[in-house]
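Computed over heavy atoms, backbone and side chain alike; hydrogens, waters and symmetry mates excluded. So that the names make sense, note that chain A is the first sequence line, chain B the second, and so on, each numbered from 1.
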Amino acid sequence: MSVQEIAEKVIPPNYPPDLYKIRHSAAHVMAQAVLEMFPDAHIAIGPPIEDRFYYDFDLPRTLTPDDLAQIESRMRDIIKGDYPFTYRAVSADEAKKIFADQPFKLELIAGLQAGQVNDNGNPVNEAPEITVYTQDTFTDLCRGPHVASTGQINPDAIKLMSIAGAYWRGDEKNPMLQRIYGTAWRTSEELEQYLWRLDEAARRDHRVIGKQLDLFSTNEEVGAGLILWHPNGGLMRKTVERFWQDLHEASGYDFVYTPHIGKSTLWETSGHLDFYAESMYAPIELDEQDYYLKPMNCPFHMHIYTSHTRSYRDLPLRFAEMGTVYRFERSGTLHGLLRVRGFTQDDAHHFCTPDQVEAEIDFALNFCLNMLRAFGFEDFQAYLSTRPEKFVGEAPNWDRAEAVLEMALKRAELPYDVDAGGGAFYGPKIDIKVKDALSREWQLSTIQFDFNLPERFDISYVGADGERHRPYMVHRALLGSMERFFGVLIEHYAGVFPVWLCPVQALLIPITDDQVAYCQEVAAKLKAAHIRVQVDTSDNRMGHKIRQGQEQKIPYMLVVGKREVENDAVSVRLRTEENLGAMSVDDFIARAQQVIADKTGL
RNA sequence: GCCCUCAUAGCUCAGUGGUAGAGCGCACCCUUGGUAAGGGUGAGGUCAUGGGUUCAACCCCCAUUGAGGGCUCCA
């Protein structure tokens, strides 16, 4: 196999090879431009990544946006030079000579010499062949592949995006380098398309929409990662929770409520203080006892289980709780509603006998998909994570649990990937990601076996044989957390929510003050019909009221003038700008109620 | 946590080493207008917090708090 062929194998299966080479080559061109600017710079690595590429540098000063413009412009010059990318194989000693003043490269060479591991994480016996690629004045330790010459990079389809800090090899014990992110495409149209996608994602940013629609906020005095739900967001959350409760109630769940803190002994029994302490808030000491804010609900549910002797006739048991938990997330990782320190899980724990496991998992999975579909998600991707090297419990139980999970996925006809060895130490699991309107994946649901807690809390049921048996236990969260789910909903719908979720479903717009009283009457009627309605009694003109209703993305604007009052009607304008004209109040109520019940339409 | 950037009115943002401005929103007045912004007047800010430099700090420096972009998709 030629070096070129080996290089081609580096390209990930789903990565278009030409784009991979373009981005990889653009990274080298960028490194050349940076080295010309800072001859003493130390260069690290510069791979293509999804949609982009980057290169890490150790530089004498921090970069500015002006530097980026300059580097980008120099890159175009190098591209115009159409310098060929040439490679050659070198011995380790020769490589060390070439990169004598590049400590990161020397480290990589040493690693290559030692053999290290291949891309699958398996040790490689012989050291791979070391190659270097050169274009113009720049030579890099590199396995390729590259385009034939710099001229094959489209100068109108590259753009440097941002500067960020990044640890050498991603390890925070290592020095912090400066990373430049760039993107490169085949054509300027492709670049435009990519930039449009970024703009669209920014337009849907739940933090921005959350402010526009007055849904939630955070407050410096309250603390980072702690969410304040405003009345509009609160109304939406209540709607989601009510739906969630109804569905659970109709499907054999019991509702439980548990405290926010528990004694240290509880967390010792559960193992959280051994395995999870660094994600927990510091203890509160009272009466010489340590209490901890709960990072999970399960230990409490375990004790609800242990409060009785359970018979096999009682199983399956399903304890559901919207449980609010607190986890200490590192400050740099917090992000809007998507990564927070206090959140409410839509949690449940199932307990069942071994011969119920199959049905129970089928049930949980279908219940989950129904729940997600109700919120407008149709595109799912599942991940099955199996037994890791370190695990608790009996291997045969794991095998059975994994088989049950996989069968359930097949029966549900869900596309899934297997993450072999990716399970938690306590049990295998299914994670479900949904694709949103921009095809971005969000992980929401998880269904996990637990072979740890039943042991630790020594839970059991009495079987038909009169003996004590260990039940199977399953954790599951469907929406994940209310905070995160809300953030995903906002981005998925860009704030244009289905009617049933809208905080204000109809806005009554009197054209003049003369219609205010009538509007109030209609509003009372709509409220009685469980339609959330507001009357705009401001002295703004109708056009202005419509504009404001539109900006709040209110589904129905009900314009009321003299004619409507006379006919006991409202004139219905949809947020799509479609004008339905006048209809009777009763007809409107019927329409809205239908749309709300359908959870779709307008 | 670490690197970089940022913090000015309720919101979005200008701005200057000599104690601050716009638009929107809000209040009031005029206007009673038929499907995305009618007009006027006014209130509202110890320029995130705490130190420091300076005759003088919103502006420069340091710290803190909060927010944003990142922190292996391994040559």
> Roughly how far apart, to the nearest Å, are B/C59 and B/U54 at atom P?
Replying inline: 15 Å

>> With rounding to the nearest 0.5 angstrom, report the CG to NZ distance, A/Asp536 to A/Lys545.
In response: 4.5 Å

> What interatomic distance, in whole Å, is found between P of B/A7 and the corresponding atom of B/U49?
Replying inline: 13 Å

> Taking the side chain of A/Arg207 as its heavy atoms from C-beta onward, which of B/G34, B/U32, B/G68 lies nearest to it?
Replying inline: B/G68

>> Counting primed atoms plus P, OP1 and OP2 as sugar-phosphate and everything else as base, spell out the protein contacts along nucleotides 36-43 of chain B at 4.0 Å heavy-atom distance: B, S or - for each nucleotide, 5' to 3'.
In response: BBB-----

> Could you give the distance from CE (A/Met583) to CG (A/Leu558), rounded to the nearest 0.5 Å?
Replying inline: 9.0 Å

>> Under a 3.5 Å distance rule, please check whether A/Gln178 uses its side chain to pair with a backbone N or O of A/Arg61 as donor and acceptor.
In response: yes

>> Ring-plane angle category for A/Phe486 and A/Phe216, please: parallel below 30°, perpendicular beyond 60°, tilted otherwise.
In response: perpendicular

> If the P atom of B/G40 is compared with that of B/G25, how far apart are they to the nearest Å?
Replying inline: 13 Å

>> Among B/C4, B/C2, B/C74, which nucleotide has an atom closest to any side-chain atom of A/Thr62?
In response: B/C4

> For RNA chain B, what are the stems built from at least three Watson-Crick or G-U pairs in a row, each pair having both distances below 3.5 Å?
Replying inline: B:1-7 with B:65-71, B:10-13 with B:21-24, B:26-30 with B:38-42, B:48-52 with B:60-64

>> Nearest to the A/Ala224 side chain among B/C73, B/G66, B/G69, which nucleotide is it?
In response: B/G66

> Can you tell me if the side-chain N/O atoms of A/Lys211 get under 4.0 Å from OP1 or OP2 in B/U12?
Replying inline: yes

>> Any residue in residues 578-592 of chain A with a heavy atom nearer than 4.0 angstrom to RNA chain B? Just list them by number, or reply none.
In response: A/Asn579

> Considering only B/U65, B/G33, B/C71, which nucleotide approaches the side chain of A/Tyr181 most closely?
Replying inline: B/C71

> Going by heavy atoms in the side chains, are A/Asn232 and A/Met236 under 4.5 Å from each other?
Replying inline: no

>> What's the gap between B/G51 and B/C58 when it is taken at their P atoms, as a whole Å value?
In response: 13 Å

> With a 4.5 Å heavy-atom cut-off, do A/Ile180 and A/Tyr55 have their side chains touching?
Replying inline: no

>> Tell me every residue that passes ring pair (Phe, Tyr, Trp, His ring centres under 6.0 Å) with A/Tyr281, counting only those two or more places apart in sequence or in another chain.
In response: none

>> In whole Å, measure the gap between the C1' atoms of B/G68 and B/G21 for me.
In response: 26 Å

> Distance check: side-chain N/O of A/Ser331 vs OP1/OP2 of B/G1, anything under 4.0 Å?
Replying inline: yes

> Closest heavy-atom contact between A/Leu508 and A/Cys519?
Replying inline: CD1-O, 3.3 Å

> Which atom names give the shortest non-hydrogen contact between A/Val499 and A/Pro555, and what distance separates them?
Replying inline: CG2-CB, 3.8 Å

>> Nearest heavy atom decides the nucleotide; on that basis, is A/Gly332 or A/Gly225 closer to the 5' end of RNA chain B?
In response: A/Gly332

>> The criterion is side chain to side chain contact (heavy atoms under 4.5 Å, CB included); which residues satisfy it with A/Ala166, sequence neighbours excluded?
In response: A/Asp56, A/Arg179

>> So that I know where these two stand, are A/Phe588 and A/Tyr556 an aromatic pair - ring centroids less than 6.0 Å apart?
In response: yes

> For A/Tyr556 and B/U35, is the shortest distance between a side-chain N/O and OP1 or OP2 below 4.0 Å?
Replying inline: no

>> What residues from residues 483-499 of chain A pass a heavy-atom cutoff of under 4.0 Å to RNA chain B?
In response: none

> Below 4.0 angstrom from OP1 or OP2 of B/G25, is there any side-chain N or O of A/Gln548?
Replying inline: yes

> Going by distance alone, is a donor N or O of one side chain under 3.5 Å from an acceptor N or O of the other, for A/Trp168 and A/Glu107?
Replying inline: yes

> The side chain of A/Met176 lies closest to which of these nucleotides: B/C74, B/G34, B/G70?
Replying inline: B/G70

> What interatomic distance, in whole Å, is found between P of B/G18 and the corresponding atom of B/C29?
Replying inline: 41 Å

>> So that I can tick it off, tell me whether A/Arg204 and A/Asp436 are bridged by a salt bridge, with the cut-off set at under 4.0 angstrom between side-chain N and carboxylate O.
In response: no

> Does the A/Lys105 side chain pair with the main chain of A/Ala44, one donor and one acceptor, at a distance under 3.5 Å?
Replying inline: yes

